[in-house]
Amino acid sequence: MGVGVTAPLSHSVGLVRLQFQHTTQKKRGLARVFLGHKYHNHHHHHHNSISIISNCTTSSNTTSPTTTATTTTTTATSGGGDLEVKELKERCKKWEWKGQYSITYFVSQSSNNNKPPLLLVHGFGASIPHWRRNIGTLAQNFTVYAIDLLGFGASDKPAGFSYTMEKWAQLILDFLDEIVQKPTVLIGNSVGSLACVIAASESSRSLVRGLVLLNCAGGMNNKAVVDDWRIKLLLPLLLLVDFLLRQRGIASAIFERVRKRDNLRNILLSVYGNKESVDEELVEIIMEPTNDAGALDAFVSIVTGPPGPNPVQLMPKISLPVLLLWGDQDPFTPLDGPVGKYFSSLPSELTNVSLFVLEGVGHCPHDDRPDLVHEKLLPWLAQLPAP
């Protein structure tokens, strides 16, 4: 959340921070260089195991093992309907993590015990209601959990807490261990995806059954993308912005500017391909938690903190089934940026990974075009091998 040149600090970790692109034309151009817009010319990477999804149809370059299981028809892709945000909030529960932090979560129990449970993990600035267009559909056949990570949504935002990707991953593992108590498919967006990757790579007790990554982030902030010349060139500037954000008055002014309703709407319109999905309910979902005590501290800690483990090192360690769904209109992690290129290459290198590119979809595919996501997600879940 902020103005001006602080955008590069947050390439893929949030809906809220693209406001840095909206102040002036000059700053917008600079932010595009930071964020990868310069390279993102809306061409698709036609890979031997990538399918391009558009308007609920699929065109695939091949019938390789990584894609054949996910080319079934789109039955029941959206039959569950959207859940009301009010209902989601009313059904949420509380869990005490490490004996001191209150974590909010949602669960919709299914009678189908033959299917693994699902855990939905949001991205930066989002929360459980960001899955309102998915839970109803998924809950028809699966027990569905969704969680507010520490620092977001209705979960605690403790003063002075140092947020890291590793701590969020540990929270996920502890939640699986204490609450779900079954091998679970983790479904994450943006930094939520990366937290799921870290959790899966660290799980030594088969807590994780599979991974679904929706436009996965490369780190908690832009300092992770050190192999991008754009970041190397401007790293001194990023460090300066880190310093400025640590000044309470400056950070507060930035935070207050971005959390205004009109600014949030503009940010969301910038990261969504389907503009019709950006409604007043979505703006409220993002805005409401910013009123909580500790929201500013969480923002500063995340933007200025360590980027965390790099997925390039983590993904080869994971032998679980992995489904990658990638919106091709994502300004944060474009397909032709370092993170997008790496994940695009995985299906040809790892037999457990499938990738589908979603045409006209932005950084949050599950909310941007839930129909396209369900079209690929449901068949993939259905073909998971028995435990």
T290 (side chain) donor-acceptor with M287 (main chain) under 3.5 angstrom | yes
With N274 via side chain to side chain donor-acceptor pair (under 3.5 Å) - residues at least two apart | S277
Contacts of H366 that satisfy ring-ring contact (aromatic ring centres under 6.0 Å, His included) - sequence neighbours left out = H130, W131
Derivation and outcome, side chain to side chain donor-acceptor pair (under 3.5 Å), residues N134 and T137 | CA-CA 6 Å; N134 316 106; T137 296; over 6 Å; no
Output, in order, the C-alpha distance, side-chain angles, deciding distance and verdict of side-chain contact (heavy atoms from CB on, under 4.5 Å) for K376 and S354.
-> CA-CA 10 Å; K376 294 299 145 192; S354 306; over 6 Å; no
Tightest non-hydrogen contact, residues P117 and P183, listed as CD-O, 3.4 Å
G123 and S190: which non-hydrogen atoms are nearest, and at how many Å?
-> CA-CB, 4.2 Å
From I187 CD1 over to L120 CG, what is the distance, rounded to the nearest 0.5 angstrom?
-> 5.5 Å
Calculate, to the nearest 0.5 Å, the distance between atoms OG1 and CD1 belonging to T164 and I302 respectively.
-> 10.0 Å
May I ask you to check whether H122 and N189 show a side-chain donor-acceptor distance below 3.5 Å?
-> no
Of all heavy-atom pairs between S127 and I285, which one has the smallest distance, and what is that distance?
-> OG-CG2, 3.8 Å
Enter the distance from E281:CD to K86:NZ here, rounded to the nearest 0.5 Å.
-> 12.5 Å
Answer yes or no on whether K167 is positioned over the face of F161, meaning its NZ or CZ is under 6.0 Å from the six-membered ring centre and within 45° of the axis.
-> yes
N-O pairing of K93 and D148 below 4.0 Å | no
Are Q170 and D174 close enough that a side-chain donor and a side-chain acceptor fall under 3.5 Å?
-> yes
With sequence neighbours excluded, residues passing salt bridge (charged side-chain N to carboxylate O under 4.0 Å, His left out) with R261 | E280, E284
Provide the closest heavy-atom pair for T333 versus C216 in the form atom of the first, atom of the second, distance.
-> CG2-O, 3.7 Å
Any residue meeting side chain to side chain donor-acceptor pair (under 3.5 Å) with D368, in chain and number order, not counting sequence neighbours | none
S155 side chain to G151 main-chain N or O, any donor-acceptor pair under 3.5 Å?
-> no
If you look at every heavy atom in H374 and P379, which pair is closest and at what distance?
-> O-CD, 3.8 Å
Is any side-chain heavy atom of S193 closer than 4.5 Å to a side-chain heavy atom of N215?
-> no
In terms of heavy-atom contacts, does CD of E84 have more than 12 from other residues, nucleotides or ligands at under 6.0 Å?
-> no
Would you sort out whether R133 and D367 count as a salt bridge (charged side-chain N to carboxylate O under 4.0 Å, His left out), showing the intermediate values?
-> CA-CA 6 Å; R133 293 172 175 154; D367 191 52; 3.0 Å; yes
So do the side chains of V361 and Q329 get within less than 4.5 Å of each other, counting heavy atoms only?
-> no
Short side-chain donor-acceptor distance under 3.5 Å, K94 and T104 = yes
E288 side chain near K89 side chain, heavy-atom distance below 4.5 Å | yes
Over all heavy atoms of both residues, which pair between G327 and P365 is shortest? Give the atoms and the distance, please.
-> N-CG, 4.1 Å
Stepwise side-chain contact (heavy atoms from CB on, under 4.5 Å) test for L213 and L323 | CA-CA 6 Å; L213 309 178; L323 174 64; over 6 Å; no
F175: what forms a ring-ring contact (aromatic ring centres under 6.0 Å, His included) with it, not counting sequence neighbours?
-> W95, Y105, Y145
S301 side chain to Y163 backbone, donor-acceptor under 3.5 Å = yes
Can you tell me if S110 uses its side chain to pair, donor with acceptor, with the backbone of A139 under 3.5 Å?
-> no
Any D297 side-chain heavy atom under 4.5 Å of K157 side chain | no
Would you please test I318 and V322 for side-chain contact (heavy atoms from CB on, under 4.5 Å) and show each step?
-> CA-CA 9 Å; I318 297 173; V322 179; 4.3 Å; yes
One should read off an interatomic distance between L325 CG and W380 CH2, to the nearest 0.5 angstrom, of 9.5 Å
Heavy-atom distance under 4.5 Å between the side chains of Q313 and N310, does that happen here?
-> yes
Tell me whether the centres of the aromatic rings in W326 and F356 are closer together than 6.0 Å.
-> no
Donor-acceptor pair, D279 side chain versus L282 backbone, under 3.5 Å?
-> yes
Going by heavy atoms in the side chains, are L138 and L377 under 4.5 Å from each other?
-> yes
Check for a donor-acceptor pair, side chain of D156 on one end and backbone N or O of Y101 on the other, with a separation under 3.5 Å.
-> no
Sub-4.5 Å side-chain heavy-atom contact between K341 and S345 | no
For the pair R369 and D371, find out whether any cationic side-chain nitrogen is under 4.0 Å from an anionic carboxylate oxygen.
-> yes
Indicate yes or no for a side-chain donor-acceptor contact from D328 to the backbone of G360 under 3.5 Å, with no hydrogens or angles considered.
-> yes
Side-chain heavy-atom pair L171, I147 within 4.5 angstrom cut-off = yes
Trace of the side-chain contact (heavy atoms from CB on, under 4.5 Å) decision for C364 with Y272 | CA-CA 7 Å; C364 307; Y272 273 61; 4.1 Å; yes
Distance, nearest 0.5 Å, that separates CG of L83 from CD1 of I135 = 6.0 Å
Could you list the residues that satisfy salt bridge (charged side-chain N to carboxylate O under 4.0 Å, His left out) with E90, not counting sequence neighbours?
-> none
Hey, could you give me the CG/CD1 distance between L186 and I198, rounded to the nearest 0.5 Å?
-> 12.0 Å
